[in-house]
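Working notes, structure below.
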Amino acid sequence: MIALLLRDLRLAIRAGGGFGLGLAFFLIVVTLVPFGVGPEGGVLARIAPGILWVGALLACLLSLDRIFALDFEDGSLDLLATAPIPLEGVVTIKAVAHWLTTGLPLVLAAPAFGVLLHLEGSANFWLVLSLALGTPALSVLGAFGAALTVGLKRGGLLLSLLVLPLYVPTLIFGAELVRRGASGMETQVPLLMLAGITAACIAVVPFASAAAIRVNLR
Amino acid sequence: MNALSVTDLAVSRGGLPVLEGLGFTLAPGRALVLRGPNGIGKTTLLRTLAGLQPPLAGQISVPPEAMAYAAHADGLKATLSVTENLRFWASVYGTGTIARALDDMNLRQLADRAAMSLSAGQKRRLGLARLLVTGRPIWVLDEPTVSLDAASVALFAEAVRTHLAGGGAALMATHIDLGIPEAEVLDLAPFKARTPEEGGMSGGFDEAFE
């Protein structure tokens with residue numbers, strides 16, 4: 001399983017692997033917002049948690065369809081399905097690789113993007129915490145969507161329609177956590193909900209993803 | 001002791017039954033070549049045996065963790081080198097060593113090349129080298145010799161013969177003569193499935209409603 005993780009990470013950073021695309025997309029979304037909303041600091045700071053979370057969501061979505069589609073096209077998904085790794089393990093590792101190449105860079109770069117939106121210093125801590133807790137759920141749920149649409153022509157668009165509604169709870173509690181943290185309110189409830197959603201997704205969703213792949217490979 | 005035995009097997013593709021009443025056994029050290037016209041269901045049969053799709057009826061008996069499947073597509077990653085591609089599969093199957101596979105498939109000189117710069121035949125050789133690093137006793141091969149030149153076919157036949165001599169078994173769908181005299185040939189044409197109108201099975205499209 002470690003071999004699969006290393007292979008996926010290596011593929012991501014080789015030419016055409018798309019590493020950093022999500023991050024660049026996130027940067028562009030975040031810099032576009034002040035152009036659209038106007039440069040007034042107070043307004044930006046108020047909408048910053050929501051914008052940053054929506055941006056992270058979209059950046060995550062950008063690379064989802066590659067999780068299984070490339071392996072399906074070159075036949076390695078068939079071979080992985082017949083390999084001694086359980087398919088649930090393959091799906092989990094693929095989601096981990098997606099998080100390491102997309103989610104983790106977003107988490108680490110978020111404070112810099114927070115500055116662009118006039119997010120205050122103390123709120124940055126909550127932003128990083130909420131993204132660190134929430135983005136693994138995005139990758140795991142995204143892998144499920146990718147598993148459902150693997151083998152479909154133009155599956156990417158369908159994938160977005162399937163996956164974005166599943167992201168709603170994470171988005172609500174993630175943005176809420178940053179908002180409450182920034183204004184010094186009690187943060188325990190959104191924090192626990194966010195962590196709980198992620199934990200539940202990691203525990204349950206890989207089984208659904210593996211089942212979806214088995215059906216799609218028939 | 002049979003490596004692989006199949007009784008009264010029926011397989012379907014896209015909801016239509018393609019083969020039925022199929023039975024054969026494959027003992028260690030033996031090779032079986034599947035023949036039949038295009039569309040008879042060779043690939044479907046091999047995918048079913050590999051566990052990628054459920055059989056429509058019948059039993060497949062195979063020891064666990066014994067089979068290595070090689071499909072039409074080689075499953076190579078274009079941006080990884082030959083060595084990296086092989087080493088990945090070697091560690092997935094927990095065998096670890098790729099030196100013999102590189103030598104047997106004459107890939108030594110290409111070891112550091114990216115898979116995308118290989119020719120079609122060289123890619124195929126790399127795909128077959130993957131079988132050697134799996135260390136599995138039963139090879140299930142779908143058209144293994146496509147785009148191979150005569151010398152490479154001989155190289156592959158030699159690898160299969162070594163595998164058989166070591167107690168392995170091989171099941172192959174192929175149209176050409178591999179030059180493995182001990183291989184038995186199974187013609188699939190007599191096992192072609194009847195249509196539902198002729199009293200055959202329905203293809204399982206309604207499985208969700210049963």
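Here is how names work: the chains are called A, B, and so on, in the same order as the sequence lines, proteins then strands, and each is numbered from 1.
Interface remark: B:Leu76 contributes backbone atoms only to the contact with chain A (heavy atom separation under 4.5 Å). For chain B, no part of A:Leu6 is nearby; none of its heavy atoms comes within less than 4.5 Å. Contact annotation for B:Arg13: neither backbone nor side-chain heavy atoms come within less than 4.5 Å of a heavy atom of chain A. With a 4.5 angstrom heavy-atom cutoff, B:Arg130 touches chain A only via side-chain atoms.
Of all non-hydrogen atoms in A:Thr82 and B:Tyr93, the two that sit nearest each other are O-OH, 3.8 Å. Heavy atoms only, all atoms of each residue included: A:Gly75 and B:Ala73 are closest at CA-CB, 3.8 Å. B:Lys77 and A:Leu11 get closest at one heavy-atom pair: CD-CD1, 3.4 Å. Across B:Leu80 and A:Arg10, no two heavy atoms sit closer than the pair CD2-CD, 3.8 Å. In terms of heavy atoms, A:Leu79 sits closest to B:Tyr69 at CD2-O, 3.3 Å.
With sequence neighbours excluded, no residue forms a salt bridge (Lys or Arg N to Asp or Glu O under 4.0 Å) with B:Arg125. Under the side chain to side chain contact (heavy atoms under 4.5 Å, CB included) criterion, A:Thr101 pairs with A:Leu9, A:Ala12, A:Phe19, sequence neighbours left out.
Inter-residue side-chain proximity for B:Arg47 and A:Leu217 is flagged as met; some heavy-atom pair is nearer than 4.5 Å.
Side-chain atoms of A:Arg218 do not come within 3.5 Å of backbone N or O of B:Gln53 as any donor-acceptor pair.
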